[in-house]
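To start, the structure itself, in structure tokens.
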Number of protein chains: 2
Amino acid sequence: MSTRNPFEARDVTSRRGGPVKKPLSRDAIVTVALDLLTREGLEGMSLRKVAAALETGPASLYAYVDDLRELQTLVFDRALADVTIPREPLRDWRSRLASLLESYITILARSSGLAQLAMNTIAAGPNALRIIEALLCLLDEAGVDQSTAAWAADLLSLYATAIAAEQSHRKENGDPLGPLVRMLGSVSQPEFPRIHASREQLVSGQGLERFDWAIEVLLKGVLQTPRQSHDGSVSPVEKGSHRRARHA
Amino acid sequence: MSTRNPFEARDVTSRRGGPVKKPLSRDAIVTVALDLLTREGLEGMSLRKVAAALETGPASLYAYVDDLRELQTLVFDRALADVTIPREPLRDWRSRLASLLESYITILARSSGLAQLAMNTIAAGPNALRIIEALLCLLDEAGVDQSTAAWAADLLSLYATAIAAEQSHRKENGDPLGPLVRMLGSVSQPEFPRIHASREQLVSGQGLERFDWAIEVLLKGVLQTPRQSHDGSVSPVEKGSHRRARHA
DNA sequence: ATTCGACACGAACGGCGTTTGTCAGGAGAC
DNA sequence: GTCTCCTGACAAACGCCGTTCGTGTCGAAT
């Protein structure tokens with residue numbers, strides 16, 4: 001596998017063409033693949049199926065992507081293009097941050113295929129960067145120092161991805177709660193007393209309710225937990241230099 | 001696929017046996033599969049490979065597991081058997097909780113195969129329940145009400161799983177930081193100024209450092225964010241009843 | 001002794017990702 | 001204009017996968 005940056009578009013000029021079939025392009029491949037992923041899940045996005053949808057053979061795709069993994073990465077970033085970055089200047093950062101994460105989760109939870117892909121793919125494309133940049137801006141606006149914000153952005157996106165996967169998994173099963181509820185329902189009280197007592201709460205809070213609580217938790221925690229300096233203490237001088245850097 | 005509880009051991013008496021081959025058993029299958037997963041990743045745990053390691057054919061495994069998915073679920077829970085639940089009564093809950101999560105992350109991050117499996121599998125087996133029960137106990141000891149603890153346990157385990165996956169992914173690549181660093185290193189400053197400024201911090205803090213900070217964040221947040229009751233307020237009466245239930 | 005149920009497992013089916021090799025078309029050089 | 005080279009297009013093939021089907025064997029029950 002090459003070390004070429006997969007997000008730089010190769011200038012490939014399609015040699016195929018004619019009155020009947022459209023020329024292939026990476027854009028078309030990613031578009032079709034995302035559609036298949038959304039409708040049929042990760043297994044529905046095989047190279048064969050993508051190629052068939054484009055009326056060609058799977059080997060043709062290798063002129064545009066190195067392998068399936070690269071296609072998956074491109075598809076994931078393409079999906080993130082739909083995430084809305086809130087930009088109203090009069091709106092408080094907290095609300096905008098919650099909206100950003102909510103949009104992210106909504107996009108990912110749209111289909112279990114996408115959520116599953118997100119759980120296994122490093123988000124490093126232009127759209128992912130757009131989102132991280134927005135997170136960092138919002139955290140800065142919240143008064144979080146740059147160093148802490150870096151880790152907080154990671155924490156928030158990790159959690160958002162995990163929540164999206166959880167929601168999409170529940171959405172996928174006709175029985176929305178599925179095997180987990182069956183397991184919790186059959187838990188023996190002497191063996192697992194607290195689980196037994198909490199079994200309804202463990203699966204409660206679908207959609208926004210649990211998300212809202214969790215964002216509260218994460219933001220409260222982040223705002224009160226600046227990253228420690230190397231000697232383990234948070235010094236007022238460090239805070240001061242943070243403020244100066246901001247106006248540079 | 002049946003609705004049988006996969007964690008209840010089927011009483012299967014092996015009909016195969018003899019001086020040369022050991023009788024198959026579910027335990028042996030799961031053990032071999034976990035070993036293969038650890039050494040060769042998720043793709044290394046195919047039914048064919050597991051069967052070959054047991055000197056049989058893949059079809060033989062269907063007497064013991066319904067399908068590959070069930071085997072994966074069993075393997076995941078088996079791996080969680082190694083998670084250490086801290087039980088020293090004189091040790092404070094915070095320290096024990098951090099140790100529990102650290103043990104969980106260590107086990108999962110042991111191999112990228114296991115971490116990947118954890119990202120795609122609902123933890124609902126006996127060992128997973130053991131961990132959730134311990135989390136709930138510790139949160140109770142921290143003074144967190146039952147309702148909030150239910151969600152907090154979920155939040156903590158989601159995050160721990162995601163961190164483990166992140167760590168295992170980095171561990172797997174010889175270049176421990178890999179494509180993400182390359183991407184961050186080539187980010188353009190005018191387009192993504194905050195990412196550019198934070199690019200080193202975004203990937204800093206391997207191992208315990210970032211984990212310790214994140215646990216601080218999550219615990220601070222949880223302790224200050226009880227779940228709202230249905231009418232949106234937290235009432236002292238509700239806290240009272242929580243305390244009474246505790247001594248019941 | 002006979003029958004039944006279930007483990008054991010090879011063969012086969014349909015599917016996958018990827019590589020190899022051939023063809024055809026376009027660009028560039030002469 | 002002709003020739004050569006490069007590259008997109010893509011069929012065929014390879015090796016691998018999960019699962020089903022069918023057959024054989026053995027032990028328990030009658």
Side-chain angles (χ1 to χ4, degrees), chain A residues 1-2 4 6 9-29 32-33 36-37 40-75 113 116-117 120-121, chain B residues 1-2 4 6 9-29 32-33 36-37 40-75 113 116-117 120-121:
Chain A
M1 181 161 133
S2 75
R4 181 187 51 91
R10 288 200 235 193
D11 276 345
V12 176
T13 305
S14 176
R15 315 302 295 257
R16 203 189 69 164
V20 175
K21 289 187 183 176
K22 290 191 190 173
L24 286 183
S25 70
R26 177 190 263 205
D27 188 69
I29 291 167
V32 165
L36 282 171
L37 175 69
E40 300 179 32
L42 204 51
E43 291 74 28
M45 198 191 94
S46 71
L47 290 179
R48 279 173 158 83
K49 284 176 180 168
V50 173
L54 290 163
E55 295 177 315
T56 187
S60 311
L61 306 184
Y62 286 91
Y64 299 91
V65 296
D66 274 353
D67 53 20
L68 178 63
R69 194 71 201 133
E70 180 172 330
L71 178 59
Q72 289 174 340
T73 302
L74 296 172
V75 166
Q116 194 181 347
L117 185 56
N120 284 307
T121 310
Chain B
M1 181 163 133
S2 74
R4 180 187 51 92
R10 288 201 237 192
D11 276 346
V12 176
T13 305
S14 177
R15 315 298 297 250
R16 201 191 67 165
V20 177
K21 290 186 182 176
K22 290 190 190 174
L24 285 183
S25 70
R26 177 191 263 205
D27 188 67
I29 292 167
V32 165
L36 283 170
L37 176 69
E40 299 178 33
L42 204 51
E43 290 74 28
M45 198 190 95
S46 72
L47 289 179
R48 278 173 158 81
K49 285 176 179 168
V50 173
L54 290 162
E55 295 178 317
T56 186
S60 311
L61 305 183
Y62 287 91
Y64 299 90
V65 296
D66 274 354
D67 53 20
L68 178 63
R69 195 72 202 131
E70 179 173 330
L71 178 59
Q72 288 173 340
T73 301
L74 295 172
V75 166
Q116 195 180 347
L117 185 56
N120 284 306
T121 310

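Note on naming: letters A, B, ... go to the chains in the order of the sequence lines (proteins, then strands), and numbering restarts at 1 for each one.
- Paired with Ile29(A) under the rule side chain to side chain contact (heavy atoms under 4.5 Å, CB included), one option of Thr56(A), Leu61(A), Leu47(A), Leu74(A) passes, and it is Leu61(A).
- Partner of Val32(B) under the side chain to side chain contact (heavy atoms under 4.5 Å, CB included) criterion, out of Leu54(B), Asp27(B), Leu37(B): Leu54(B) alone.
- Rounding to the nearest 0.5 angstrom, the gap separating the CD atom in Gln116(B) from the CG atom in Leu42(B) is 5.0 Å.
- Summarising the geometry, the separation between CD1 on Ile29(A) and P on dG8(D) is reported as 11 Å, rounded to the nearest angstrom.
- One can place CG of Leu42(B) at 18 Å from P of dC16(D), the figure rounded to the nearest angstrom.
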Pull out every protein N or O sitting under 3.5 Å from an N or O of nucleotides 17-19 of chain D, one pair per line with the distance.
| unit_1 | atom_1 | unit_2 | atom_2 | d |
| --- | --- | --- | --- | --- |
| dC17(D) | OP1 | Ser46(B) | OG | 3.0 |
| dG18(D) | OP1 | Leu47(B) | N | 3.3 |
| dG18(D) | OP2 | Leu47(B) | N | 3.1 |
| dG18(D) | N7 | Arg48(B) | NH1 | 2.2 |
| dG18(D) | O6 | Arg48(B) | NH1 | 3.4 |
| dG18(D) | O6 | Arg48(B) | NH2 | 2.9 |
| dT19(D) | OP2 | Tyr62(B) | OH | 2.9 |
| dT19(D) | OP2 | Leu68(B) | N | 2.9 |
| dT19(D) | O5' | Tyr62(B) | OH | 3.2 |

- Query: Could you go step by step and tell me if Val75(B) and Gln72(B) meet the side chain to side chain contact (heavy atoms under 4.5 Å, CB included) rule?
  - Reply: CA-CA 5 Å; Val75(B) 166; Gln72(B) 288 173 340; 5.6 Å; no
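- Between Arg69(A) and Thr121(A), the closest heavy-atom pair is NH2-OG1, 3.1 Å.
- dC16(C) atom C1' lies 14 Å from atom CG of Leu61(A), rounded to whole Å.
- Of all heavy-atom pairs between Arg48(A) and Pro58(A), the closest is CG-CG, 3.8 Å.
- Atom CG in Leu54(A) sits roughly 16 Å away from atom P in dG8(D) (whole-Å rounding).
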